[in-house]
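Worksheet: one structure, shown below.
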Amino acid sequence: PFEGVAWTPRPPQGPPQGCFACITKPPALHQASPVLSPSSAVYLMESKSCKGDSLRPAVPCKHSVEKKTMTNPTTVIEIYPDTTEVNDYYLWSIFNFVYLNFCCLGFIALAYSLKVRDKKLLNDLNGAVEDAKTARLFNITSSALATFCIILIFIFLRYPLTDY
């Protein structure tokens with residue numbers, strides 16, 4: 001099927017023109033006309049008098065034309081839920097764990113605070129909000145009960161039971 005076709009690659013002359021998609025495609029082989037001998041076909045293809053090949057018309061890069069006509073490119077932005085607004089009560093939990101750990105409620109609050117941080121990293125907004133509510137509840141309970149116990153201790157130190 002390729003009788004009479006002669007193709008010899010010529011060395012590249014300067015930077016290739018066009019986009020990457022057009023440059024990487026191999027050139028189409030056309031069958032030489034029966035009037036031309038193979039040697040004359042090679043001569044016509046390697047002629048440097050014109051920009052394109054003599055057997056193949058020079059076609060402008062269709063991709064560069066598309067790039068020139070595109071005036072409004074579209075940008076896709078992925079939006080994740082904003083997990084920075086979910087408070088994890090981490091410092092409050094550490095304070096309750098170290099100083100006001102009434103019946104291990106400070107430790108439980110700290111555990112839930114750490115769960116909130118993990119769920120924020122996984123972009124699980126609903127789970128982070130639920131665990132934040134639980135951590136806040138345990139922090140409030142631990143703080144209130146520990147404060148109540150400290151007040152009772154001060155009252156009993158001021159007014160010992162032996163006076164009654």
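Everything numeric here is computed off the predicted structure, so don't read it as measured data. Both backbone and side-chain heavy atoms feed into the values below; hydrogens, waters and symmetry mates do not.
Across A128 and K120, no two heavy atoms sit closer than the pair CB-CG, 4.1 Å. Closest approach of V116 to A132, counting heavy atoms only: CG2-N, 3.2 Å.
Applying the salt bridge (Lys or Arg N to Asp or Glu O under 4.0 Å) test to residues at least two apart or on different chains, none of the pairs has a partner in residues 91-109. Counting only residues at least two apart or in different chains, side-chain hydrogen bond (donor to acceptor under 3.5 Å, both in side chains) contacts with residues 143-157 comprise W92-S143, N96-S143.
A search for side chain to side chain donor-acceptor pair (under 3.5 Å) contacts involving S93 returns S113, N139, not counting sequence neighbours. Checked against side chain to side chain donor-acceptor pair (under 3.5 Å), D88 has the following partners two or more places apart in sequence or in another chain: R117. Not counting sequence neighbours, the partners of L145 by the side-chain contact (heavy atoms from CB on, under 4.5 Å) test are F102, L105, T141. Scored by the side-chain contact (heavy atoms from CB on, under 4.5 Å) test, I153 finds L157 as partners (sequence neighbours excluded). F107 meets the ring-ring contact (aromatic ring centres under 6.0 Å, His included) test with F97; sequence neighbours excluded. Here Y99 pairs with F95 under the ring-ring contact (aromatic ring centres under 6.0 Å, His included) rule; sequence neighbours left out. Checked against side-chain contact (heavy atoms from CB on, under 4.5 Å), Y112 has the following partners two or more places apart in sequence or in another chain: I108, K115, D131, T134, A135, F138.
A heavy-atom distance below 4.5 Å is found between the side chains of V129 and K133.
Cluster membership check: I155 does not share its hydrophobic cluster with I150, using side-chain heavy-atom separations under 4.5 Å among Ile, Leu, Val, Met, Phe, Trp and Tyr. If you chain together hydrophobic residues whose side chains sit under 4.5 Å apart, Y89 and I140 fall into the same group. Residues L91 and L100 fall into different hydrophobic clusters, defined by Ile, Leu, Val, Met, Phe, Trp and Tyr side chains chained together at heavy-atom separations under 4.5 Å.
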